[in-house]
2 protein chains.
Amino acid sequence: MELVGTTRQRLITATNESFRHRGYHGTSVQAVVEAAEATVGSLYHFFPGGKSELAEATVQETGAAYGDLFSVFLAETASAEEAVRAFFHGAADALVESDFIDLCPIGTVAREVASEDERLRTAAADVFGQWVDKLVAPLVAVGIDAETARDRATAVICLLEGAFVLARTSRDAGVLRTTGSFAAAMIAEAVREASARRV
Amino acid sequence: MELVGTTRQRLITATNESFRHRGYHGTSVQAVVEAAEATVGSLYHFFPGGKSELAEATVQETGAAYGDLFSVFLAETASAEEAVRAFFHGAADALVESDFIDLCPIGTVAREVASEDERLRTAAADVFGQWVDKLVAPLVAVGIDAETARDRATAVICLLEGAFVLARTSRDAGVLRTTGSFAAAMIAEAVREASARRV
DNA sequence: ACCCTACTAGAGCGTTCGCTCTATAATGGA
DNA sequence: TCCATTATAGAGCGAACGCTCTAGTAGGGT
């Protein structure tokens, strides 16, 4: 693992890494501390709320990083459709390269603690909401009504999260590529309908 | 929790219930034994391989039960499209009724242990494969070619798994209903194309 | 009556868990 | 230089972890 940044950053990076492999309950603060080359003292200095607070910060910060990544794809491609397709394909490549590690710790953590840690649940919900918003914006910009845009964007995130699970479980990145095509087609269809309505 | 059946069945039911709430690592054998009104001795009698073997049996048996449930929907509706929509809507109702408990422990467990327990990983992969097969069959039966049918069926399962995560995390069952419509539309489109090609 | 297999029962093993605590360094402003 | 703040360090706490082990019970076959 990369050992860069401040102690706080290293702790979050190590937590994120462990969440990807083993989820929330499978991650021990001892293991995080070792991987981050820090000490328990430092961890409880930066995160007085302990494991839960560390997890919340990890979900928020890595969730925002994923959102930024999608923004990059949006900026570098000609349309939301292409951005979505590129994102799924990029995820597929990353999955293979990482030997099928979980690419999205947020989904894993959310499933584990949604019933027992309300702050962590809302943190994960906020992240998903941000992702949807990122995708909604360019759709509304091309004339799609807000509700349709939101429904489609949400479905794309669902496809992505589900594809992560199936691809990783079956060790077959192809799932991400084919579902990426469906996701892109779903966006393209909404764009087509909106432009047809305007004529 | 319902306390019915043999000791072995009660253990699996209790494990399934705990997996839904807290996942694999968050589930302790002690807690399972108490919920099932059994003892550790009985648990290790039926599952000599311990927690891992108990989890494997739980994934296999509850996974098959979900598959059977979809078969019921297929038998009771006129088309695969309607069965898919009904399944998603039924899941949405069940999610609300259960106060947003996780409806699919398999996805949770798979994400947690795919990197560290190979037998459990393949057990989960088998379950997902069975679900896809269940949905592929009626599509092929109406003339859709095998590859298209498999891709669409896989995408539907991805939508379902992803919708579980988002719906539970945001405590909004509506996600399951709208994605269910997209899933049904995806099936309907393939059916339409196949029948058009046959003319 | 006897025994053999299937199952139940739970005390207790060593380990790891999240976390607290006190002591010690490093840092920067007055 | 002095001190207050910030950060590092790790021994050690009680509790919970997965699991083993021995003892005891239930019930059918002979």
Side-chain angles (χ1 to χ4, degrees), chain A residues 1 3-19 21-59 105 108-109 112-113 115-121 123, chain B residues 1 3-19 21-59 105 108-109 112-113 115-121 123:
Chain A
M1 206 195 62
L3 285 167
V4 291
T6 65
T7 300
R8 186 181 181 283
Q9 283 174 326
R10 294 202 313 276
L11 284 167
I12 290 206
T13 304
T15 304
N16 184 45
E17 208 82 0
S18 184
F19 280 179
H21 276 106
R22 290 167 287 276
Y24 180 85
H25 289 115
T27 293
S28 78
V29 297
Q30 192 59 44
V32 166
V33 155
E34 280 171 24
E37 291 191 3
T39 62
V40 275
S42 294
L43 191 152
Y44 282 88
H45 169 72
F46 290 108
F47 307 99
K51 187 181 182 181
S52 178
E53 187 177 332
L54 171 64
E56 191 186 0
T58 302
V59 165
T108 311
V109 171
E112 285 180 84
V113 302
S115 302
E116 67 186 11
D117 189 324
E118 186 63 9
R119 286 177 66 223
L120 212 37
R121 197 215 97 220
Chain B
M1 208 195 61
L3 284 167
V4 292
T6 65
T7 300
R8 186 182 181 281
Q9 283 173 326
R10 293 201 314 278
L11 285 167
I12 291 208
T13 303
T15 304
N16 183 46
E17 208 82 359
S18 184
F19 279 179
H21 276 106
R22 289 167 288 276
Y24 180 85
H25 289 116
T27 294
S28 79
V29 298
Q30 193 60 42
V32 167
V33 154
E34 280 170 24
E37 291 191 3
T39 62
V40 275
S42 294
L43 191 151
Y44 283 87
H45 169 73
F46 289 108
F47 307 99
K51 187 181 182 182
S52 177
E53 187 177 334
L54 171 64
E56 192 187 0
T58 302
V59 165
T108 311
V109 171
E112 285 180 86
V113 302
S115 302
E116 66 186 12
D117 190 324
E118 186 64 9
R119 287 178 66 222
L120 211 37
R121 197 214 97 222

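Throughout, a chain's letter reflects where its sequence line sits, starting with A, and its residues are numbered from 1.
- Side-chain N or O atoms of T15(B) include one that pairs as donor or acceptor with a backbone N or O of L11(B) at under 3.5 Å.
- Rounded to whole angstrom, the span from the CD atom of E34(A) across to the P atom of dT8(D) amounts to 17 Å.
- Proximity of V113(B) to H25(B): side-chain heavy atoms (C-beta onward) are separated by under 4.5 Å at one or more points.
- In this structure, L11(A) places its CG atom 15 Å from C1' of dG18(C), rounding to the nearest Å.
- With hydrogens and angles ignored, the 3.5 Å screen pairs a side-chain donor or acceptor of T58(A) with a backbone N or O of L54(A).
- In the set dT8(C), dT8(D), dG18(C), dT8(D) carries the atom at the smallest distance from any side-chain atom of T7(A).
- Which of dG18(C), dA9(C), dG10(D) sits closest to the side chain of T39(B) comes down to dA9(C).
- Taking the side chain as every heavy atom from C-beta outward, H21(A) and E116(B) never approach each other to under 4.5 Å.
- Nucleotides of DNA chain C nearest to R8(B) and Q30(B) differ in position, and the one nearer the 5' end is that of R8(B).
- Among the protein residues, T27(B) comes within range of the sugar-phosphate backbone only, with heavy atoms under 4.0 Å from sugar or phosphate atoms but none that close to a base.
- The line from OG of S42(A) to CZ of F47(A) is 10.5 Å long, rounded to the nearest 0.5 Å.
- Here the side chain of E53(A) pairs a donor or acceptor atom with the backbone of G49(A) at under 3.5 angstrom.
- The stretch residues 40-54 of chain A touches DNA chain D through V40(A), G41(A), S42(A), H45(A), F46(A), each having a heavy atom within less than 4.0 Å of the strand.
- Each of G26(B) and A38(A) was assigned the nucleotide of DNA chain D with the nearest heavy atom; the assignment lying further toward the 5' end belongs to A38(A).
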